[in-house]
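Read the structure below first, then the notes.
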Amino acid sequence: MLTLKVIRESKDEVIKRLAVKNFDGKEIIEKVIALDDQRKAIQIELDNNLAEQNSIAKQIGKLFSEGKTDEANSAKQRTSELKELSKVLSQKFTDAEKELNKALVKIPNLPHTSVPLGHGANDNVEVRSGGSIPKLHEGAQPHWELTKKYDIIDFELGVKLTGAGFPVYKGKGAKLQRALINFFLDENTSAGYQEIQPPLMVNEDSGYGTGQLPDKDSQMYHVGLDNFYLIPTAEVPVTNIYRDVVLNASQFPIKMTAYTPCFRREAGSYGKDVRGLNRLHQFDKVEIVQIQHPDKSYETLEEMVSHVENLLKKLELPYRILRLCGGDMSFTSALTYDFEVYSAGQEKWLEVSSTSNFESFQANRMMLRFKEEGDKKTQIAHTLNGSALALPRIVASILENNQTPEGIRIPKVLQKFCGFEMID
RNA sequence: GGAGAGAUGGCCGAGUGGUCGAAGGCGCACGCCUGGAAAGUGUGUAAGCUCCAAAAGGGCUUCAUGGGUUCGAAUCCCAUUCUCUCCGCCA
């Protein structure tokens, strides 16, 4: 959520920046300012009214204690009118606040000035790339054939147990998952991220804090009986650890990593991109989250990007890093780098990480603030996160890129975690 | 799931209708003391909104959350959530 301060102080700049995300903010920004004016006007009236009531109540108390009962009783009568009025005003005030918030929550985060213009994936800008695309042998297959051939991931069995998009990992397939999780967590913790095991379900407040609610609730699985949401990413519980917290500036940066399964309904996405491991309803991911001082968040973003890049290098995967254009960015992000790996069996680039700076957008929603040493005023912190990394597409590309007529070669760094060198 | 007790500031804890944004302690910050530190001692120490060009200073709200009673609520009533104890069940 943008701050009212930014909206009020640099209205034209805000509208201009929103246009980079292909969001026409002219109308809603004007509306927000008008609603805020209205809210303030009502508050002044209401506060004055309440102040008068308070002072009368105090006087009455004094009169009673002095035994002036008659005077006290006549003072009582004056308040009934005030009470009536303040009831109306406070209703108006809550309505105004609600409406303001409703509008405010609909405005996406401002993209950073370095965000390229564009509408979709074709307009993303490649920052750099690494690794080399392998030449596969005759008869090389996409991973959904390989998993069947070696009996390591069973998609049909998942359909029997739950439904499409809930695969069952078996034998070396299951072990490979475990190896990747451990590899990622080890790499992240040695880079200074504290390991966290969060709940896999969150309440409404948490969903709101990171921006999944109120708009994207149809993308999350909802446990109706208890009103919990299955997390779509560890970002949600991990970032919300610091909801409603006032940090000390000296505590920055806060670095956390968590492995969790992620649950996504993926409503409305069908077709060729969803085969095999490419898009699932439940998948494993290791996430990194940082909470940082506003002055340092972009430095931190670069640090996170090179950390993720390093993971891909170690896994010997061909990758490219894209700076997302305005049209392809998420609602909450100010700057996002996507990491894609080339999966040679299906001859496709697959997104395996999205690393973003949210600046104060999430922190403002969840009241995540900090104080500068010796300062009385609180400021809003910056939050960042990235996948390090999402498993299924990494698995897909490892299987496809490393296939040989003799079997699938496990990348060297994973071998000690797997306990085997080949899937055959 | 049943029965009972409770929820107060960064933490502990007092407070059963007005003088309470809240005693006292701990913690923290600054000062004094000290060669330096500890101890001791003094002062200060919530957040949000709002008025004011800003500072200073005011106003409003907040004692789990939401409602109610009252001129006036941390305090009384109702609902919800959560925590603890006992019983039951159980990885």
Side-chain angles (χ1 to χ4, degrees), chain A residues 1-10 32-105 197 199-209 213 223-229 237 240-252 254 291 360 363-381:
Chain A
M1 183 160 76
L2 297 179
T3 61
L4 279 165
K5 195 167 175 245
V6 165
I7 292 174
R8 295 196 77 109
E9 282 173 6
S10 37
V32 160
I33 292 174
L35 285 170
D36 190 40
D37 285 338
Q38 196 186 4
R39 181 191 117 256
K40 281 188 190 178
I42 297 168
Q43 186 179 348
I44 292 169
E45 213 181 330
L46 176 64
D47 281 359
N48 287 339
N49 193 286
L50 291 172
E52 198 178 339
Q53 278 184 60
N54 288 342
S55 87
I56 290 174
K58 255 182 202 159
Q59 278 169 33
I60 290 174
K62 212 168 164 193
L63 290 172
F64 272 124
S65 68
E66 287 166 0
K68 298 175 182 167
T69 323
D70 290 348
E71 279 180 62
N73 281 328
S74 72
K76 270 192 201 178
Q77 281 169 5
R78 272 190 292 152
T79 59
S80 69
E81 202 180 310
L82 289 170
K83 266 178 86 171
E84 213 47 52
L85 183 60
S86 72
K87 211 170 188 177
V88 174
L89 285 172
S90 75
Q91 185 58 51
K92 266 169 94 177
F93 183 69
T94 12
D95 288 350
E97 248 186 345
K98 257 188 216 155
E99 215 180 317
L100 172 62
N101 204 262
K102 226 167 89 189
L104 215 44
V105 154
Q197 265 196 31
L200 306 181
M201 294 189 209
V202 294
N203 58 27
E204 255 178 287
D205 284 349
S206 296
Y208 180 83
L213 295 175
V223 183
L225 199 58
D226 295 294
N227 197 23
F228 292 150
Y229 293 88
N240 272 284
I241 290 174
Y242 287 90
R243 170 154 48 83
D244 286 321
V245 168
V246 181
L247 292 161
N248 209 301
S250 62
Q251 290 174 265
F252 291 132
I254 288 170
I291 298 168
S360 61
N364 186 36
R365 281 179 168 228
M366 63 174 108
M367 300 286 271
L368 196 187
R369 293 155 299 160
F370 72 98
K371 264 187 206 173
E372 211 74 68
E373 192 68 46
D375 222 338
K376 254 190 116 98
K377 262 204 208 132
T378 56
Q379 304 178 55
I380 306 170

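The chains referred to below are lettered A, B, ... by the order of the sequence lines, with proteins before strands, and numbering in each begins at 1.
Nucleotides B:rG9 and B:rG13 place their C1' atoms 11 Å apart, quoted to the nearest Å. Distance check on atom C1': B:rG4 versus B:rA74 gives 23 Å, rounded to whole Å. Taking atom P in both B:rA79 and B:rC11, the straight-line distance is 29 Å, to the nearest Å. Here the separation of B:rA22 from B:rU61, taken at their C1' atoms, is 15 Å to the nearest Å. Comparing the same atom, C1', in B:rG6 and in B:rA14 gives a spacing of 16 Å after rounding to whole Å. Taking atom P in both B:rG42 and B:rG25, one finds a spacing of 10 Å when rounded to whole Å. For the C1' atoms, the distance from B:rU81 to B:rC60 is 27 Å, rounded to whole Å. Spacing between B:rA7 and B:rC78 at atom P, rounded to whole Å, works out to 16 Å.
Across all strands shown, nothing is found opposite B:rA56 as a Watson-Crick or G-U wobble partner with both distances under 3.5 Å. Across the strands present, B:rG40 finds its partner in B:rC32; the criterion is a Watson-Crick or G-U wobble pair with both atom distances under 3.5 angstrom. Pairing partner, B:rU83: B:rA5, with both Watson-Crick or wobble hydrogen-bond distances short of 3.5 Å. When Watson-Crick and G-U wobble pairs are counted only if both distances are under 3.5 Å, B:rG27 pairs with B:rU45. The partner of B:rA14 cannot be assigned: no Watson-Crick or G-U wobble pair with both contacts below 3.5 Å exists in any strand. Taking a pair to require two hydrogen-bonding distances under 3.5 Å in either a Watson-Crick or a G-U wobble arrangement, B:rC76 pairs with B:rG68. Under the Watson-Crick or G-U wobble criterion, with both distances below 3.5 Å, B:rG88 is left unpaired in every strand shown.
The distance between atom CG of A:L368 and atom P of B:rA47, rounded to the nearest whole Å, is 15 Å. For the pair A:R365 CZ and B:rG48 C1', the interatomic distance rounds to 18 Å; values are reported in whole Å. Between the CG atom of A:L50 and the P atom of B:rA73 there is a distance of 11 Å, given to the nearest Å. Residue A:N248 contributes atom CG, which lies 15 Å from atom C1' of B:rA46 at whole-angstrom precision. Rounded to whole Å, atom C1' of B:rU62 lies 13 Å from atom CG of A:D47. Between A:N203 atom CG and B:rU65 atom P there is a gap of 16 Å when expressed in whole angstrom units. Atom-to-atom, CD of A:E372 to P of B:rA29 comes out at 17 Å; the value is rounded to the nearest Å. Following rounding to the nearest Å, A:K377 (NZ) and B:rU45 (P) show an atom-to-atom distance of 18 Å.
When the nucleotides B:rG48, B:rC49, B:rC60 are ranked by their closest atom to the side chain of A:T378, B:rG48 comes out on top.
When each of A:A57 and A:Q43 is assigned the nucleotide of RNA chain B bearing its nearest heavy atom, the one mapping closer to the 5' terminus is A:A57. Of the two residues near RNA chain B, A:K40 and A:S80, the one whose nearest nucleotide lies more 5' is A:K40.
Distances shorter than 4.0 Å separate none of the side-chain N or O atoms of A:K62 from OP1 or OP2 on B:rG72. Between A:N54 and B:rC60, a side-chain N or O to OP1/OP2 separation shorter than 4.0 Å is present. Distances shorter than 4.0 Å separate some side-chain N or O of A:K83 from OP1 or OP2 on B:rG72. Checking the phosphate oxygens (OP1, OP2) of B:rG59, no side-chain nitrogen or oxygen of A:S55 falls inside 4.0 Å. Contact annotation: A:N227 does not reach the phosphate of B:rU81 (side-chain N/O to OP1 or OP2, under 4.0 Å).
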Start with the C-alpha gap between A:D37 and A:R8, add the side-chain angles, then the distance that decides, and say whether salt bridge (Lys or Arg N to Asp or Glu O under 4.0 Å) holds.
CA-CA 10 Å; A:D37 285 338; A:R8 295 196 77 109; 2.6 Å; yes
Decide yes or no on side-chain contact (heavy atoms from CB on, under 4.5 Å) for A:L4 and A:R39, but give the supporting numbers first.
CA-CA 12 Å; A:L4 279 165; A:R39 181 191 117 256; 4.2 Å; yes
Test side-chain contact (heavy atoms from CB on, under 4.5 Å) on A:T3 and A:I380 and set out the steps.
CA-CA 10 Å; A:T3 61; A:I380 306 170; 3.5 Å; yes
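As judged by a 4.0 angstrom heavy-atom cut-off over every strand, A:N48 is placed among residues making no nucleic acid contact. Looking at heavy-atom distances under 4.0 Å, A:I60 makes contact with a base.
Formation of a donor-acceptor pair under 3.5 Å by the A:T94 side chain with backbone atoms of A:S90 is found in this model.
At most 12 non-hydrogen atoms from other residues, nucleotides or ligands lie less than 6.0 angstrom from CD of A:Q197.
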Please tabulate, for side-chain N and O atoms in residues 95-103 of chain A, each donor-acceptor pair with protein atoms closer than 3.5 Å (sequence neighbours left out).
unit_1, atom_1, unit_2, atom_2, d
A:D95, OD1, A:Q91, NE2, 3.1
A:N101, OD1, A:Y208, OH, 3.4

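Looking at residues two or more places apart in sequence or on another chain, you find a side chain to side chain donor-acceptor pair (under 3.5 Å) between A:S86 and A:Q53.
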